[in-house]
Amino acid sequence: MHNIKKYIKGLGLCLTLLLTGHVSSAQSETLNLSNEETSMIVISLVLVVMVLVLLVAFYLLTILRVMVREDGIRRAKEKGIEYVEEPSMWSKFYAGLTDAVPIEEEATVELDHNYDGIRELDNHLPPWWTYMFYASIVFAVIYMFMYHVSGSLPLQTEEYEIAMAEAQANRAVADEGSSIDESNIVFSNDPAVLASGKTVYERNCVACHKAGGEGGIGPNLTDEYWLHGGSIQDIYNTIKNGVPDKGMIAWGDVLSPTKMNDVSSYIETLKGTNPPNAKAPQGELYKEKAIEEAVAE
Ligand code: HEC
(Lines give C-alpha, C1' and ligand atoms only; values in the text may rest on other atoms or scores of the structure.)
Protein backbone atom coordinates (compact mmCIF):
# COMPACT_ATOMS: atom_id res chain seq x y z
CA MET A 1 0.00 0.00 0.00
CA HIS A 2 2.79 2.36 1.03
CA ASN A 3 4.63 1.69 -2.23
CA ILE A 4 1.56 2.42 -4.33
CA LYS A 5 1.12 5.76 -2.58
CA LYS A 6 4.72 6.67 -3.34
CA TYR A 7 4.27 5.67 -6.94
CA ILE A 8 1.13 7.75 -7.36
CA LYS A 9 2.89 10.73 -5.78
CA GLY A 10 5.76 10.39 -8.24
CA LEU A 11 3.40 10.13 -11.17
CA GLY A 12 1.56 13.25 -10.03
CA LEU A 13 4.84 15.13 -9.75
CA CYS A 14 5.88 14.06 -13.25
CA LEU A 15 2.57 15.24 -14.67
CA THR A 16 2.70 18.62 -12.97
CA LEU A 17 6.25 19.12 -14.16
CA LEU A 18 5.28 18.18 -17.70
CA LEU A 19 2.23 20.44 -17.65
CA THR A 20 4.07 23.43 -16.23
CA GLY A 21 6.83 22.96 -18.80
CA HIS A 22 9.75 22.40 -16.40
CA VAL A 23 10.70 19.10 -17.90
CA SER A 24 9.81 20.25 -21.37
CA SER A 25 12.23 23.16 -21.35
CA ALA A 26 14.99 20.93 -19.97
CA GLN A 27 14.14 18.38 -22.63
CA SER A 28 14.14 20.86 -25.45
CA GLU A 29 17.62 22.01 -24.45
CA THR A 30 19.18 18.56 -24.39
CA LEU A 31 17.23 17.09 -27.31
CA ASN A 32 17.13 20.30 -29.30
CA LEU A 33 13.35 20.19 -29.76
CA SER A 34 11.40 23.16 -30.94
CA ASN A 35 8.71 24.58 -28.67
CA GLU A 36 6.07 23.16 -30.97
CA GLU A 37 7.55 19.66 -30.79
CA THR A 38 7.79 19.79 -27.01
CA SER A 39 4.20 20.85 -26.64
CA MET A 40 3.16 18.10 -29.06
CA ILE A 41 4.96 15.55 -26.89
CA VAL A 42 3.39 16.93 -23.73
CA ILE A 43 -0.06 16.95 -25.29
CA SER A 44 0.27 13.38 -26.56
CA LEU A 45 1.51 12.20 -23.15
CA VAL A 46 -1.48 13.85 -21.49
CA LEU A 47 -3.78 12.25 -24.07
CA VAL A 48 -2.28 8.80 -23.45
CA VAL A 49 -2.75 9.23 -19.71
CA MET A 50 -6.35 10.35 -20.30
CA VAL A 51 -7.11 7.29 -22.44
CA LEU A 52 -5.60 4.99 -19.79
CA VAL A 53 -7.67 6.63 -17.05
CA LEU A 54 -10.81 6.25 -19.17
CA LEU A 55 -10.06 2.56 -19.81
CA VAL A 56 -9.60 1.92 -16.09
CA ALA A 57 -12.80 3.81 -15.30
CA PHE A 58 -14.71 1.80 -17.89
CA TYR A 59 -13.34 -1.45 -16.49
CA LEU A 60 -14.34 -0.50 -12.94
CA LEU A 61 -17.80 0.45 -14.18
CA THR A 62 -18.26 -2.96 -15.80
CA ILE A 63 -17.27 -4.69 -12.56
CA LEU A 64 -19.70 -2.47 -10.66
CA ARG A 65 -22.54 -3.36 -13.03
CA VAL A 66 -21.90 -7.07 -12.62
CA MET A 67 -21.90 -6.66 -8.84
CA VAL A 68 -25.14 -4.65 -8.84
CA ARG A 69 -26.76 -7.24 -11.09
CA GLU A 70 -25.72 -10.14 -8.86
CA ASP A 71 -26.95 -8.30 -5.82
CA GLY A 72 -30.30 -7.69 -7.55
CA ILE A 73 -30.65 -11.37 -8.39
CA ARG A 74 -29.82 -12.37 -4.81
CA ARG A 75 -32.36 -9.97 -3.33
CA ALA A 76 -35.06 -11.02 -5.81
CA LYS A 77 -34.42 -14.64 -4.77
CA GLU A 78 -34.73 -13.71 -1.10
CA LYS A 79 -38.09 -12.06 -1.73
CA GLY A 80 -39.09 -14.96 -3.96
CA ILE A 81 -39.85 -12.75 -7.00
CA GLU A 82 -38.51 -12.89 -10.55
CA TYR A 83 -35.50 -10.68 -11.24
CA VAL A 84 -36.15 -7.98 -13.87
CA GLU A 85 -33.01 -6.34 -15.21
CA GLU A 86 -32.89 -2.56 -15.44
CA PRO A 87 -32.47 -1.54 -19.08
CA SER A 88 -28.91 -0.41 -19.77
CA MET A 89 -28.10 3.23 -20.47
CA TRP A 90 -27.37 2.35 -24.05
CA SER A 91 -30.71 0.64 -24.65
CA LYS A 92 -32.53 3.58 -23.00
CA PHE A 93 -30.61 5.98 -25.22
CA TYR A 94 -31.35 3.90 -28.31
CA ALA A 95 -35.04 3.67 -27.47
CA GLY A 96 -35.16 7.46 -27.04
CA LEU A 97 -33.39 7.90 -30.36
CA THR A 98 -35.85 5.85 -32.40
CA ASP A 99 -39.02 6.37 -30.32
CA ALA A 100 -40.25 3.05 -31.79
CA VAL A 101 -42.94 1.00 -30.10
CA PRO A 102 -41.32 -2.06 -28.45
CA ILE A 103 -41.65 -5.32 -30.34
CA GLU A 104 -44.01 -6.78 -27.71
CA GLU A 105 -46.52 -3.97 -28.33
CA GLU A 106 -46.16 -3.80 -32.07
CA ALA A 107 -49.75 -4.99 -32.56
CA THR A 108 -51.00 -1.59 -31.36
CA VAL A 109 -49.40 0.26 -34.27
CA GLU A 110 -50.00 -2.28 -36.99
CA LEU A 111 -51.85 -0.96 -40.03
CA ASP A 112 -54.60 -3.09 -41.44
CA HIS A 113 -52.93 -3.62 -44.80
CA ASN A 114 -51.53 -7.04 -45.45
CA TYR A 115 -49.60 -7.37 -48.70
CA ASP A 116 -49.05 -11.06 -49.17
CA GLY A 117 -48.04 -11.38 -45.56
CA ILE A 118 -46.00 -8.17 -45.48
CA ARG A 119 -47.51 -5.96 -42.83
CA GLU A 120 -46.78 -2.32 -42.07
CA LEU A 121 -46.19 -0.59 -38.72
CA ASP A 122 -47.22 2.99 -38.06
CA ASN A 123 -44.24 3.91 -35.86
CA HIS A 124 -43.27 7.49 -35.02
CA LEU A 125 -40.52 9.09 -37.06
CA PRO A 126 -37.25 8.98 -35.11
CA PRO A 127 -37.08 12.20 -33.02
CA TRP A 128 -33.54 13.05 -34.18
CA TRP A 129 -34.78 12.97 -37.75
CA THR A 130 -37.88 15.06 -37.02
CA TYR A 131 -35.91 17.75 -35.19
CA MET A 132 -33.37 17.91 -37.95
CA PHE A 133 -36.21 18.34 -40.42
CA TYR A 134 -37.68 21.23 -38.38
CA ALA A 135 -34.22 22.77 -38.06
CA SER A 136 -33.77 22.64 -41.82
CA ILE A 137 -37.09 24.44 -42.31
CA VAL A 138 -35.99 27.19 -39.90
CA PHE A 139 -32.63 27.38 -41.66
CA ALA A 140 -34.30 27.65 -45.06
CA VAL A 141 -36.49 30.53 -43.90
CA ILE A 142 -33.53 32.43 -42.43
CA TYR A 143 -31.41 31.71 -45.50
CA MET A 144 -34.14 32.86 -47.87
CA PHE A 145 -34.64 36.04 -45.89
CA MET A 146 -30.95 36.92 -45.48
CA TYR A 147 -29.88 36.22 -49.05
CA HIS A 148 -32.93 36.91 -51.18
CA VAL A 149 -35.26 39.24 -49.28
CA SER A 150 -33.15 41.61 -47.18
CA GLY A 151 -29.99 41.07 -49.24
CA SER A 152 -27.88 41.56 -46.11
CA LEU A 153 -25.54 38.71 -47.10
CA PRO A 154 -23.76 38.58 -50.47
CA LEU A 155 -24.74 36.09 -53.16
CA GLN A 156 -22.12 34.31 -55.26
CA THR A 157 -21.57 37.06 -57.82
CA GLU A 158 -21.35 39.70 -55.12
CA GLU A 159 -18.93 37.52 -53.17
CA TYR A 160 -16.79 37.26 -56.27
CA GLU A 161 -16.82 41.02 -56.77
CA ILE A 162 -15.92 41.64 -53.14
CA ALA A 163 -13.00 39.20 -53.36
CA MET A 164 -11.78 40.84 -56.54
CA ALA A 165 -11.98 44.30 -54.99
CA GLU A 166 -10.02 43.05 -51.98
CA ALA A 167 -7.36 41.55 -54.22
CA GLN A 168 -7.11 44.81 -56.16
CA ALA A 169 -6.66 46.76 -52.94
CA ASN A 170 -3.96 44.32 -51.76
CA ARG A 171 -2.16 44.64 -55.04
CA ALA A 172 -2.26 48.42 -54.82
CA VAL A 173 -0.56 48.18 -51.42
CA ALA A 174 2.04 45.71 -52.74
CA ASP A 175 2.70 47.88 -55.78
CA GLU A 176 3.37 50.92 -53.66
CA GLY A 177 7.08 51.56 -53.96
CA SER A 178 7.45 49.82 -57.30
CA SER A 179 7.15 53.27 -58.86
CA ILE A 180 10.53 54.15 -57.35
CA ASP A 181 13.37 54.27 -59.84
CA GLU A 182 16.63 56.13 -60.44
CA SER A 183 14.77 59.22 -61.70
CA ASN A 184 12.70 59.89 -58.59
CA ILE A 185 14.54 58.31 -55.66
CA VAL A 186 15.26 60.60 -52.70
CA PHE A 187 17.31 60.00 -49.59
CA SER A 188 15.28 59.01 -46.57
CA ASN A 189 16.55 59.11 -43.00
CA ASP A 190 13.51 57.22 -41.73
CA PRO A 191 14.96 54.70 -39.23
CA ALA A 192 12.70 51.95 -40.63
CA VAL A 193 14.00 52.54 -44.16
CA LEU A 194 17.63 52.63 -42.99
CA ALA A 195 17.19 49.48 -40.88
CA SER A 196 15.67 47.67 -43.83
CA GLY A 197 18.49 48.98 -46.04
CA LYS A 198 21.07 47.74 -43.55
CA THR A 199 19.50 44.26 -43.63
CA VAL A 200 19.56 44.24 -47.41
CA TYR A 201 23.18 45.37 -47.35
CA GLU A 202 24.23 42.75 -44.80
CA ARG A 203 22.51 39.97 -46.72
CA ASN A 204 23.69 40.84 -50.22
CA CYS A 205 26.51 43.31 -50.34
CA VAL A 206 28.91 42.62 -47.46
CA ALA A 207 30.72 39.87 -49.39
CA CYS A 208 32.19 42.38 -51.84
CA HIS A 209 31.84 45.79 -50.19
CA LYS A 210 32.63 44.63 -46.62
CA ALA A 211 30.68 45.28 -43.43
CA GLY A 212 31.46 48.99 -43.13
CA GLY A 213 31.39 49.70 -46.87
CA GLU A 214 35.20 50.00 -46.84
CA GLY A 215 35.43 47.92 -50.00
CA GLY A 216 36.95 44.57 -50.99
CA ILE A 217 36.20 43.03 -54.34
CA GLY A 218 33.87 45.98 -54.83
CA PRO A 219 34.94 49.61 -54.36
CA ASN A 220 34.89 51.66 -51.20
CA LEU A 221 31.41 53.13 -50.68
CA THR A 222 32.39 55.52 -47.89
CA ASP A 223 34.76 57.86 -49.69
CA GLU A 224 34.07 60.75 -52.04
CA TYR A 225 35.25 58.97 -55.18
CA TRP A 226 32.76 57.14 -57.33
CA LEU A 227 33.15 55.11 -60.51
CA HIS A 228 29.54 55.49 -61.51
CA GLY A 229 28.49 58.68 -59.82
CA GLY A 230 27.91 59.41 -56.15
CA SER A 231 24.42 60.92 -56.12
CA ILE A 232 21.69 58.73 -54.68
CA GLN A 233 20.19 58.51 -58.18
CA ASP A 234 23.51 57.25 -59.58
CA ILE A 235 23.89 54.80 -56.70
CA TYR A 236 20.38 53.47 -57.27
CA ASN A 237 21.13 53.15 -60.96
CA THR A 238 24.35 51.20 -60.30
CA ILE A 239 22.60 48.88 -57.87
CA LYS A 240 19.65 48.32 -60.20
CA ASN A 241 21.55 47.78 -63.45
CA GLY A 242 24.86 46.63 -62.01
CA VAL A 243 28.19 46.61 -63.84
CA PRO A 244 28.05 43.01 -65.04
CA ASP A 245 31.44 42.85 -66.73
CA LYS A 246 33.16 44.29 -63.63
CA GLY A 247 31.51 41.89 -61.20
CA MET A 248 28.73 44.08 -59.82
CA ILE A 249 25.44 42.23 -60.10
CA ALA A 250 22.32 43.89 -61.57
CA TRP A 251 20.24 43.78 -58.40
CA GLY A 252 17.12 44.96 -60.23
CA ASP A 253 16.45 41.34 -61.09
CA VAL A 254 16.78 40.22 -57.50
CA LEU A 255 15.63 43.00 -55.18
CA SER A 256 12.35 44.90 -55.19
CA PRO A 257 12.47 48.64 -55.94
CA THR A 258 11.64 49.30 -52.30
CA LYS A 259 14.60 47.23 -51.13
CA MET A 260 16.95 48.95 -53.58
CA ASN A 261 15.57 52.27 -52.37
CA ASP A 262 16.29 51.34 -48.76
CA VAL A 263 19.81 50.11 -49.42
CA SER A 264 20.60 53.24 -51.46
CA SER A 265 19.62 55.42 -48.52
CA TYR A 266 21.67 53.18 -46.24
CA ILE A 267 24.74 53.63 -48.46
CA GLU A 268 24.25 57.39 -48.25
CA THR A 269 24.68 57.08 -44.48
CA LEU A 270 28.00 55.26 -44.95
CA LYS A 271 29.51 58.21 -46.76
CA GLY A 272 32.34 59.81 -44.84
CA THR A 273 32.40 57.19 -42.08
CA ASN A 274 36.12 56.42 -42.63
CA PRO A 275 36.04 52.73 -41.68
CA PRO A 276 39.39 51.01 -41.00
CA ASN A 277 41.14 49.13 -43.86
CA ALA A 278 39.40 51.31 -46.39
CA LYS A 279 40.12 50.56 -50.03
CA ALA A 280 41.90 53.27 -51.97
CA PRO A 281 39.60 55.73 -53.77
CA GLN A 282 38.51 54.83 -57.28
CA GLY A 283 36.75 56.96 -59.85
CA GLU A 284 35.95 60.62 -59.77
CA LEU A 285 35.48 63.01 -56.90
CA TYR A 286 31.83 63.58 -56.13
CA LYS A 287 30.63 66.13 -53.63
CA GLU A 288 27.04 66.37 -52.42
CA LYS A 289 25.23 69.29 -54.04
CA ALA A 290 24.36 70.72 -50.67
CA ILE A 291 28.03 70.74 -49.72
CA GLU A 292 29.08 72.22 -53.05
CA GLU A 293 26.53 74.99 -52.67
CA ALA A 294 27.71 75.67 -49.14
CA VAL A 295 31.31 75.86 -50.38
CA ALA A 296 30.35 78.19 -53.25
CA GLU A 297 28.61 80.67 -50.95
C1 HEC B 1 30.02 39.97 -56.27
C2 HEC B 1 30.55 41.13 -55.64
C3 HEC B 1 29.60 42.28 -55.40
C4 HEC B 1 28.44 42.25 -54.69
C5 HEC B 1 27.81 41.07 -53.97
C6 HEC B 1 27.94 43.60 -54.69
N7 HEC B 1 28.75 44.42 -55.39
FE8 HEC B 1 28.54 46.38 -55.67
N9 HEC B 1 30.19 46.42 -56.85
C10 HEC B 1 31.00 45.34 -57.11
C11 HEC B 1 32.07 45.75 -57.99
C12 HEC B 1 33.18 44.84 -58.51
C13 HEC B 1 31.84 47.10 -58.26
C14 HEC B 1 32.69 47.99 -59.15
C15 HEC B 1 32.18 47.94 -60.56
C16 HEC B 1 33.13 48.67 -61.50
O17 HEC B 1 34.32 48.47 -61.35
O18 HEC B 1 32.59 49.39 -62.37
C19 HEC B 1 30.68 47.49 -57.52
C20 HEC B 1 30.14 48.75 -57.49
C21 HEC B 1 29.11 49.17 -56.70
C22 HEC B 1 28.66 50.53 -56.60
C23 HEC B 1 29.20 51.71 -57.35
C24 HEC B 1 30.44 52.19 -56.66
C25 HEC B 1 31.09 53.35 -57.42
O26 HEC B 1 32.20 53.62 -57.09
O27 HEC B 1 30.41 53.91 -58.29
C28 HEC B 1 27.64 50.53 -55.71
C29 HEC B 1 26.83 51.74 -55.24
C30 HEC B 1 27.45 49.18 -55.28
N31 HEC B 1 28.36 48.37 -55.88
C32 HEC B 1 26.47 48.80 -54.38
C33 HEC B 1 26.22 47.47 -54.07
C34 HEC B 1 25.10 47.03 -53.29
C35 HEC B 1 24.06 47.94 -52.66
C36 HEC B 1 25.19 45.71 -53.21
C37 HEC B 1 24.21 44.77 -52.52
C38 HEC B 1 22.84 44.85 -52.89
C39 HEC B 1 26.36 45.29 -53.94
N40 HEC B 1 26.95 46.38 -54.45
C41 HEC B 1 26.77 43.99 -54.05
C42 HEC B 1 30.86 44.06 -56.61
C43 HEC B 1 29.79 43.63 -55.84
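As a basis for the values below, the full set of heavy atoms in this structure was taken, side chains included, without hydrogen atoms, waters or symmetry mates. Indexing begins at 1, ligand by ligand and atom by atom, following the structure's order.
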- Is the shortest side-chain N to carboxylate O distance from Glu70 to Arg74 below 4.0 Å? no

- Indicate the ring-plane relationship of Trp129 and Phe133, choosing parallel, tilted or perpendicular according to the 30° and 60° boundaries. parallel

List the atom pairs, with distances to 0.1 Å, where a side-chain N or O of residues 189-196 and a protein N or O form a donor-acceptor pair under 3.5 Å, not counting sequence neighbours.
unit_1 : atom_1 : unit_2 : atom_2 : d
Asp190 : OD1    : Ala192 : N      : 2.9
Ser196 : OG     : Asp262 : OD2    : 2.5

- Query: Does Met146 share a hydrophobic cluster with Phe139, counting links as ILVMFWY side-chain heavy atoms below 4.5 Å and allowing steps through other members?
  - Reply: yes

Put together the list of close N/O pairs, under 3.5 Å, between ligand 1 and the protein, could you?
unit_1   : atom_1 : unit_2 : atom_2 : d
ligand 1 : 7 (N)  : His209 : NE2    : 2.8
ligand 1 : 9 (N)  : His209 : NE2    : 2.9
ligand 1 : 18 (O) : His228 : NE2    : 2.5
ligand 1 : 26 (O) : Leu227 : N      : 2.9
ligand 1 : 27 (O) : Leu227 : N      : 3.1
ligand 1 : 27 (O) : His228 : N      : 2.9
ligand 1 : 31 (N) : His209 : NE2    : 2.8
ligand 1 : 40 (N) : His209 : NE2    : 2.7

- Short N-O contact, Glu214 and Lys279, less than 4.0 angstrom: no

- Task: Any chance you could lay out the side chain to side chain donor-acceptor pair (under 3.5 Å) test for Asp234 and Ser231, step after step, and finish with the verdict?
- Result: CA-CA 5 Å; Asp234 292 332; Ser231 72; 3.0 Å; yes

